[in-house]
Amino acid sequence: MVLSHVTRFAPSPTGHLHIGGARTALFCWAFAKRHGGGGGSGKFLLRIEDTDAARSSDESARGIMEDLAWLCIDWDEGPTLKYTDSGATRTIGGDPRGVGPFFQAQRLAKYNAAIMRLVEQGKAYPAFETSEELEAARKVAVAAKQTYRYDRASYNKISDIAERIRRMQSGEPHVVRFFAPAEAIVVRDDVLGDVKIAAGELDDFVIRKQDGLPTYHFAVVCDDEAMGVTHVLRAQEHLANTPRHVALQKALGYRTPAYAHMPLIFNVDGTKMSKRDKAKTARKALKDAMAKNGPDYIAAVCAGTKLDEKTLKDFLAAENDSIDTAQKIAAFLKITLPEIEVADFRSSGYLPEAILCYVALLGWNPGLKLPDGKDREKFTLREIGELFTLDRIGKTNSKFDRAKLLSFNADYLAQMTDEQFAQRWWNWCNEELAANDPATTPANADIAALVRTFRSGDTFSPSLVVLARAVKPRAKTFRDAIKSSRFALLTDADVAAQFAADPAPREKNLLANNLQGLTLLREFLPILEQHTPWTGETLHAALEQFAKSKNLANPGPIAQALRVALTGTGVTPGMTETLELIGRDTVLRRVRAVLA
RNA sequence: GGCCCCGUCGUCUAGCCUGGUCCAGGACACAUCCCUUUCACGGAUGUGACAUGGGUUCGAAUCCCAUCGGGGUCACCA
């Protein structure tokens, strides 16, 4: 069978999957799906570009694969991954056509054979300049405001090809350069149209590095041919590389795939979305805190973060952008660092379906309307795979608006049943605890408390579903849901501490109006004491009835008094759920305590 | 700086190819009001954009040109 729509996602394993990479992968996946993925003529494959020996790691490769799997962007061909998600294990990847391996570092023989062929045909040649020499030449060009290009003529040894090969074979350190053709190159792009690059723009770029590994340009071209890739969908930052690839394809006698370069994604302030944003955010927060608290504050930060002063000072001076340091500072200052990688969003409690949908709409839009005439914005992964076409990809860069993502996430959360929410929330809590020890991540202490409180055997107790009902409408992420769950995790001591910390709710809802709140509580207490069974429904009725008997327009005053008595705060989810979850014994004890 | 790409509300966008139905529609955010047992949810309303200047045309967000603005890229990284 001829595979007519083969796409690939080709990350280099130097860290986690970036949110922009996730969109690229999604589009590649969707394009293949749209053209009969799976059993049809469309295939989506994953290739790991680990030709940068120093920066690549197997751990990163695995992390990226897991991030993709979590998003449900499964590759038809590529490294195999056994992925377990809420109990179900699936195997992703494989090599049915025998085009692997999918790690470039394992394909060196293929690259070298092709490179030697080019050298023999006079289309590539060994070069012996040192990086220092080239760097010096580059500096001169930059100083003169000229475009630096590797100047074949100035080395004037090209004709000496036999001599070059001899030196190469004798083991002299060298790189191999591609003999750039002196002709204009047109890149056909399904998003941007034809992009013409004038003759002479290309220089003799390196195709094999001194360490013997091919450069990205060479490996990509080689592999796309070998793997039968027909469509290359990638970010626009690669557009300038494409002429090189087209030139190489011609020299090697390969087919040129169809290209589609998609617009870039930036932060709202227009800067690049990069890991360094985390350090920047932490640094700014630390500086603000120090300005506010005085120079001695650094000692407190050292104690609180368990970082030594030198590390902090270096960090402040922007001498390093350590993510670990940034995270410790963030935990200490109780700020959240910006999410950049898929794993960050996962840890923050976003849903893969929300991320996928949001990110898909950054640069792509099917232009569909809802029955009421409004624009359709919500799509499942499956629908994206059915609707995706290149002509609906835009050309303009976009900014990543977390507020809108949050809103999407809240919508997807709200769509779930209470049972589904409880289940997935529970899974998230346990994953989060497994990944980040609550002892070193203070933000996770509440998660640990929640899991402790609602665990039942090796799963969660039914009351977590009640909690889910209580917090779901006020949570935009799973982590948000933890925040609004605090009321259910409070100890008596926490409540007392709350009263001490903030007397206002007590004043307002218990003591004001001549002790109205306390008076109502005193009268309501016997009703609570006798109340049975202790269910949301019956408690709700009891509250309504009591309000009526007191000639109150609504149960507001008594509900507020209860809320404060039970939690020390004036803000919790609905009173019904609050009473139900805190439980009869604790409710009675705390009401009595307030009345005493 | 060279080369390349792009330019509709603050943000994501629909409309542009195939000019008129667009004094430009939706979503997020923001504001006001309603609902309400606090906080939310929900409902209603509002503020808000065709970068600028020239053409072409009876008519331009839509076609053409220029200007301005933004971005990408110029490695033995990918």
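Worth knowing before you read on, the calculation uses all heavy atoms, side chains too, and leaves out hydrogens, waters and symmetry mates. Within every chain, numbering begins at 1; the chains are lettered A, B, ... in the order of the sequence lines, protein sequences first and strands thereafter.
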- Message: Over all strands shown, is V268(A) touching base, sugar-phosphate only, or nothing at heavy-atom distances under 4.0 angstrom?
- Response: nothing
Under 4.0 Å, heavy atoms only, any strand: does E201(A) hit a base, just the sugar-phosphate, or nothing? sugar-phosphate
Base, sugar-phosphate, or nothing: which does R244(A) touch, judged by heavy atoms less than 4.0 Å apart? nothing
Answer for the Watson-Crick or wobble partner of C35(B), both distances under 3.5 Å, is none
**Message:** For the residue pair R244(A) and F178(A), would you count it as a cation-pi contact if the rule is NZ or CZ under 6.0 angstrom from the ring centre and within 45 degrees of the ring axis?
**Reply:** no
Have a look at T130(A) and say if it touches a base, only the backbone sugar-phosphate, or nothing, with a 4.0 Å heavy-atom cut-off. base
Between K399(A) and R149(A), whichever has its closest RNA chain B nucleotide further toward 5' is R149(A)
Assign T51(A) to base, sugar-phosphate, or nothing according to its heavy-atom contacts below 4.0 angstrom with the strands shown. sugar-phosphate
Taking a pair to mean Watson-Crick or G-U wobble geometry with both distances below 3.5 Å, G2(B) pairs with U73(B)
Run F27(A) and F388(A) through ring pair (Phe, Tyr, Trp, His ring centres under 6.0 Å) and show every step you take. CA-CA 8 Å; F27(A) 285 6; F388(A) 190 82; 5.0 Å; yes
At 4.0 Å (heavy atoms only), tell me whether N241(A) reaches a base, stays on the sugar-phosphate, or touches nothing. base
Any strand, both distances under 3.5 Å, Watson-Crick or G-U wobble: G46(B) pairs with C30(B)
Nt span of RNA chain B in reach of chain A heavy atoms at under 4.0 Å, 5' end first, is G1(B) to A78(B)
Item to check | U45(B) versus G25(B) - spacing of their P atoms, nearest Å | outcome: 14 Å
Touch check for K196(A), heavy atoms < 4.0 angstrom, all strands: base, sugar-phosphate only, or nothing? sugar-phosphate
Check your understanding: Charged N to carboxylate O below 4.0 Å: is that the case for R138(A) and E135(A)?
Key -> yes
| message | Once you apply a heavy-atom cut-off of 4.0 Å, does P11(A) come out as touching a base, just sugar-phosphate, or nothing? | response | nothing
query: Between D401(A) and Y358(A), do the side chains contain an N or O donor and an N or O acceptor separated by less than 3.5 Å?
result: no
Does atom CD of E237(A) have more than 12 heavy-atom neighbours from other groups under 6.0 Å away?
yes
Under a 3.5 Å limit on both distances, the Watson-Crick or wobble mate of U52(B) is A66(B)
By the 4.0 Å heavy-atom rule, please label Q236(A) as base, sugar-phosphate, or nothing. sugar-phosphate
Q.
Under 4.0 Å, counting only non-hydrogen atoms across every strand here, what does Y358(A) touch: a base, just sugar-phosphate, or nothing?
A. nothing
Any chance CZ of R486(A) has more than 12 other-residue heavy atoms, nucleotides or ligands included, within less than 6.0 Å?
no
| field | Interatomic distance at C1', C50(B) relative to C6(B), whole Å | value | 15 Å
Classify T572(A) by what it touches in the nucleic acid, base, sugar-phosphate, or nothing, heavy-atom distance under 4.0 Å. base
*Mind checking G394(A) for me? I need base, sugar-phosphate or nothing, with any heavy atom below 4.0 Å counting as a touch.*
nothing
Discussion item. Can a donor-acceptor pair be found, under 3.5 Å and without considering hydrogens, that links the side chain of S348(A) to the backbone of F345(A)?
Written reply: no
Side-chain ion pair, E49(A) and R8(A), N-O less than 4.0 Å: no
Which part of the nucleic acid, if any, lies within reach of R392(A) when heavy atoms closer than 4.0 Å are counted: base, sugar-phosphate only, or nothing?
-> sugar-phosphate
